[in-house]
Amino acid sequence: MNIKKFQINILAVALLFVWASPVNTAMTGGNFEVYADAFNVVSTVSSTGGVFTLYDTMGEFGVTTSTGNTFTLKSGFQAQDKGVLAFTQSSNSIDLGSLTKTAVVSAEVDLTVTTDSKNGYSISMTEDGDLRSGVNIINDVLDSQVTANFEEYGVAVSGAGFLFNDDQAIVNGLAIVSVNGGAVRSQSTVTFKAAVIQETPVGDYSHDVTFTLTVNP
């Protein structure tokens, strides 16, 4: 029996950041950054007690925000918000290798996010079309599990904030991750899976996938 084999490549995993960062005036030196400068009037009046002396200052009152075409100006310590959003992926492409009808093949992409957004973040994904080689396609998984000796293709998600861990077809706007609150190097993993049958045409199958990161409103 002739078992057909072919190559599958997942190409051009693109990143899209949706985030508006305010313009900050920062003081830096060595291993520190003071990203929100303050304007104060120092008083010689002090309060003492036990082991401390507290000098009075005047300023940082009237907490408010002013905006213009190219700037956001915030006053008051309570209003300071740096606006951090960083998104990295472990690979820009993955190779599922040669497939046979006897096994499911898989490959992973790790997505790592850092943000100080109090509302957290979400990740979704889209594709530019089915996994394909010319006019031939690999069918999307329909039963939540990519199985050997069935022609199926899909993804599963694990790690921080995963929204499903069974095998799902990639559709435009597929929500895969949602995390509440700030995050430091929060990692989620997307596993691509594929299987074929005897009649699947030989070819190099590929498509483009886009991951989209947004902060939650």
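Throughout, numbering of the chain's residues begins at 1 and tracks the sequence.
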**Item:** side chain to side chain contact (heavy atoms under 4.5 Å, CB included) partners of N136, counting only residues at least two apart
**Value:** P201, Y205
**Message:** As an exercise, state the distance from CD1 of I138 to CG of L96, rounded to the nearest 0.5 Å.
**Reply:** 10.0 Å
**Prompt:** Can you list every salt bridge (Lys or Arg N to Asp or Glu O under 4.0 Å) pair that touches residues 137-155, not counting sequence neighbours?
**Reply:** none
**Request:** Any chance you could measure L85, atom CG, to S117, atom OG, to the nearest 0.5 Å?
**Result:** 8.0 Å
**Request:** Give me the other members of the hydrophobic cluster that V146 sits in, counting Ile, Leu, Val, Met, Phe, Trp and Tyr linked by side-chain heavy atoms under 4.5 Å, directly or via other members.
**Result:** V104, V141
**Fill in**
Taken in chain and number order and not counting sequence neighbours, the residues that satisfy side-chain hydrogen bond (donor to acceptor under 3.5 Å, both in side chains) with S122 are N216
**Complete:** One should read off an interatomic distance between D128 CG and D208 CG, to the nearest 0.5 angstrom, of 4.0 Å
**Residues which pass side chain to side chain contact (heavy atoms under 4.5 Å, CB included) with S186, listed by chain and number, not counting sequence neighbours** = Y121, A160, V179, A183
**Prompt:** Which heavy-atom pair separates V196 from L99 by the least distance, and what is that distance?
**Reply:** CG1-CD2, 3.7 Å
**Message:** Checking T189 now: which residues fulfil side-chain hydrogen bond (donor to acceptor under 3.5 Å, both in side chains) with it, not counting sequence neighbours?
**Reply:** D110
**Fill in**
When every non-hydrogen atom of A107 is compared with those of I94, the smallest separation belongs to CB-CD1, 3.9 Å
**Asked** Which heavy-atom pair separates A169 from L174 by the least distance, and what is that distance?
**Response** O-CD2, 3.6 Å
**Message:** Are the side chains of T115 and L213 in contact, using a 4.5 Å heavy-atom criterion?
**Reply:** no
**Request:** Please name the pair of heavy atoms, one in G203 and one in S133, separated by the smallest distance, quoted to 0.1 Å.
**Result:** CA-OG, 3.7 Å
**Partner residues of S144 under the side-chain hydrogen bond (donor to acceptor under 3.5 Å, both in side chains) criterion, sequence neighbours left out** = D166
**Item:** Listed once per pair and sorted, the salt bridge (Lys or Arg N to Asp or Glu O under 4.0 Å) pairs that draw on residues 170-196, sequence neighbours left out
**Value:** D167-K193
**Request:** Give a yes or no on whether the backbone of V84 and the side-chain of D116 come within a donor-acceptor separation of less than 3.5 Å.
**Result:** yes
**Request:** Would you confirm whether T147, through its side chain, and Q145, through its main-chain N or O, come within 3.5 Å as a donor-acceptor pair?
**Result:** yes
**Request:** Would you kindly confirm whether V184 and V215 end up in one hydrophobic cluster when ILVMFWY residues are joined by side chain heavy atoms under 4.5 Å apart?
**Result:** no
**Asked** Quick one: salt bridge (Lys or Arg N to Asp or Glu O under 4.0 Å) pairs with a partner in residues 170-179, sequence neighbours left out?
**Response** none
**Request:** For residues S106 and T191, report the shortest heavy-atom separation together with the two atoms involved.
**Result:** CB-CG2, 3.9 Å
**Item:** Distance (rounded to the nearest 0.5 Å) between L111 CG and I176 CD1
**Value:** 5.5 Å
**Request:** Group every Ile, Leu, Val, Met, Phe, Trp and Tyr by side-chain heavy-atom contacts under 4.5 Å, then state whether V209 and F164 land in the same group.
**Result:** yes
**Prompt:** Between F150 and Y153, is there a shared hydrophobic cluster once you connect ILVMFWY residues whose side-chain heavy atoms come closer than 4.5 Å?
**Reply:** no
**Request:** Anything under 30° is parallel, anything over 60° is perpendicular, the rest tilted; go ahead and classify F211 against F192.
**Result:** perpendicular
**Message:** I137: which residues meet the side chain to side chain contact (heavy atoms under 4.5 Å, CB included) condition with it, sequence neighbours left out?
**Reply:** D130, R132, N139
**Prompt:** Can you name the closest pair of heavy atoms from N149 and I197 and give their distance?
**Reply:** O-CG2, 3.3 Å
**Request:** Please identify each residue that fulfils side chain to side chain contact (heavy atoms under 4.5 Å, CB included) with L142, with sequence neighbours left out.
**Result:** none
**Prompt:** How would you list, by chain and number, every residue that makes a side-chain hydrogen bond (donor to acceptor under 3.5 Å, both in side chains) with E127, sequence neighbours excluded?
**Reply:** H207
